[in-house]
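There's a structure below that I have some questions on.
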Amino acid sequence: MLDQPDVKQAQGKPSAKQLAELPARLHHHAFVVKDQEVNRHFFEDILGMPLVATWCERTYHQDFQREFDYCHTFYALADGGALAFFQFADAEMYERSKAIFPEVPSFNHIAMKVDAETFDALERRLKTAATPYRVVDHGYCKSVYATSPDGLRVEFTVDPPHVGEINARRLADAHSELGRWLKGDRRPNNLDRH
């Protein structure tokens with residue numbers, strides 16, 4: 001949701017709690033998959049995110065008290081970050097490492113910012129591939145959601161033209177709104193939602 005100028009504005013506020021320099025970007029988000037080729041088809045062929053690195057590795061893992069082989073793939077984001085995926089050579093490692101989702105998994109997801117043209121292209125790609133998806137207008141952004149074969153819920157979001165206004169309003173009251181909600185006042189403050 002926060003556009004770069006708003007992050008800089010928040011970063012400029014003096015606070016003993018805040019890092020002097022915020023993390024620059026997402027380096028990667030890692031997720032365990034059962035089948036790298038099925039996963040590649042979803043992210044590269046359907047969504048259009050290119051595979052940019054594959055690392056085939058063997059390592060000793062303290063938690064498992066043994067060596068294991070794995071394949072680690074990376075799919076590019078425009079800022080240099082990536083979505084990354086692990087596949088293990090043996091089924092036990094997959095079973096012990098795969099994501100376990102709650103009864104309502106939709107709140108666990110990764111969201112990536114896109115422009116309007118890319119948003120439309122992603123929606124077309126999902127429709128053409130007959131891949132289930134949904135579009136939600138949150139007011140402060142519009143999102144298209146899809147789920148990978150291993151259950152990773154991905155969101156691609158586009159900001160409205162007046163995102164700067166929206167972000168300035170939320171930055172100004174971020175702490176007071178959180179305090180209000182934590183004290184039990186559950187009134188919605190998203191009046192932009194459609």
Side-chain angles (χ1 to χ4, degrees), residues 1-8 11 19 21-61 63-64 67-101 105-136 141-159 163:
M1 176 178 138
L2 288 177
D3 213 5
Q4 203 59 16
D6 296 317
V7 171
K8 291 293 184 196
Q11 190 176 6
L19 286 170
E21 183 68 29
L22 294 176
R25 63 172 174 79
L26 176 72
H27 185 279
H28 71 274
H29 175 274
F31 193 80
V32 173
V33 298
K34 188 171 190 169
D35 184 327
Q36 285 280 20
E37 177 53 23
V38 169
N39 190 66
R40 187 210 58 76
H41 173 68
F42 179 76
F43 282 96
E44 191 167 45
D45 296 342
I46 295 174
L47 297 179
M49 297 173 66
L51 173 66
V52 293
T54 299
W55 296 94
C56 303
E57 302 188 50
R58 174 175 293 139
T59 190
Y60 178 84
H61 199 286
D63 293 341
F64 297 100
E67 276 193 340
F68 60 91
D69 298 323
Y70 64 93
C71 178
H72 197 195
T73 56
F74 292 79
Y75 295 81
L77 299 175
D79 70 355
L83 294 185
F85 301 92
F86 289 98
Q87 180 182 342
F88 302 104
D90 65 69
E92 179 195 5
M93 290 300 298
Y94 170 73
E95 288 301 323
R96 292 181 66 189
S97 302
K98 70 180 179 181
I100 298 172
F101 296 103
S106 61
F107 294 103
N108 293 304
H109 64 274
I110 183 164
M112 294 160 277
K113 183 178 178 176
V114 296
D115 61 20
E117 186 177 313
T118 303
F119 183 93
D120 293 341
L122 283 161
E123 189 173 2
R124 279 192 308 275
R125 285 172 162 270
L126 290 163
K127 188 174 192 171
T128 300
T131 301
Y133 70 94
R134 72 185 184 105
V135 174
V136 176
C141 69
K142 185 176 176 184
S143 301
V144 60
Y145 295 90
T147 304
S148 79
D150 288 278
L152 177 61
R153 191 163 168 88
V154 290
E155 173 185 2
F156 299 93
T157 185
V158 62
D159 290 331
V163 69

- Message: If you count heavy atoms of other groups shown closer than 6.0 angstrom to CZ of Arg58, is the number above 12?
- Response: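 No - once you tally the heavy atoms of other residues, nucleotides and ligands closer than 6.0 Å, there are 12 at most.
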
- Item | Side chains of Met49 and Leu83 in contact at under 4.5 Å (non-hydrogen atoms) | yes

- Message: Between Asp120 and Glu117, is there a side-chain heavy-atom distance shorter than 4.5 Å?
- Response: no

- Item | Partner residues of His28 under the side chain to side chain contact (heavy atoms under 4.5 Å, CB included) criterion, sequence neighbours left out |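 Only Ala30, Phe74, Ala82, Ala84 meet the side chain to side chain contact (heavy atoms under 4.5 Å, CB included) criterion with His28.
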
- Query: Are any non-hydrogen side-chain atoms of Glu123 and Phe156 less than 4.5 angstrom apart?
  - Reply: no

- Asp159 with Lys113: basic N within carboxylate O range, under 4.0 Å: yes

- What are the two closest heavy atoms between Ile46 and Phe42, and how far apart are they?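 That would be CB-O, 3.3 Å.
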
- Task: Would you indicate whether the side-chain heavy atoms of Lys142 and Val135 approach each other to under 4.5 Å?
- Result: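 Val135 vs Lys142: side chains touch.
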
- Is the shortest heavy-atom distance from the side chain of Pro132 to the side chain of Thr147 under 4.5 Å?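 No, every pair of side-chain atoms sits at 4.5 Å or beyond.
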
- Query: Quick one: CZ on Arg96 to CZ on Phe64, what's the gap to the nearest 0.5 Å?
  - Reply: 4.5 Å

- Begin from the C-alpha positions of Phe88 and Val32 and carry the test side-chain contact (heavy atoms from CB on, under 4.5 Å) through to its verdict. CA-CA 8 Å; Phe88 302 104; Val32 173; 3.8 Å; yes

- Query: Less than 4.5 Å apart, any side-chain heavy atom of Val144 and any of Val114?
  - Reply: no

- Task: Start with the C-alpha distance between Leu152 and Phe85, add both sets of side-chain angles, then the distance that settles side-chain contact (heavy atoms from CB on, under 4.5 Å), and finish with yes or no.
- Result: CA-CA 10 Å; Leu152 177 61; Phe85 301 92; 3.7 Å; yes

- Is atom NE2 of His27 surrounded by more than 12 heavy atoms (other residues, nucleotides or ligands) closer than 6.0 Å?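 Not buried by this count: 12 neighbours or fewer within 6.0 Å.
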
- Task: Over all heavy atoms of both residues, which pair between Val52 and Ala76 is shortest? Give the atoms and the distance, please.
- Result: CG1-CB, 3.6 Å

- Query: Which atom pair, heavy atoms only, marks the closest approach of Met112 to Leu77?
  - Reply: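 Between these two residues, the closest heavy atoms are SD-CD2, 3.4 Å.
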
- Can you name the nearest heavy-atom pair linking Val158 to Asp115, along with the distance? CG2-C, 3.7 Å

- Calculate, to the nearest 0.5 Å, the distance between atoms CZ and OG belonging to Phe86 and Ser97 respectively.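 That separation rounds to 9.5 Å.
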
- Apply the test side-chain contact (heavy atoms from CB on, under 4.5 Å) to residues Val33 and Phe43: give CA-CA distance (whole Å), side-chain angles for both, the deciding distance (0.1 Å), then the verdict. CA-CA 12 Å; Val33 298; Phe43 282 96; over 6 Å; no

- Note on the structure: Tightest non-hydrogen contact, residues Asp150 and Lys34, listed as OD1-N, 3.0 Å

- Query: Yes or no on side-chain contact (heavy atoms from CB on, under 4.5 Å) for Arg153 and Phe107, after CA distance, side-chain angles and deciding distance?
  - Reply: CA-CA 9 Å; Arg153 191 163 168 88; Phe107 294 103; over 6 Å; no

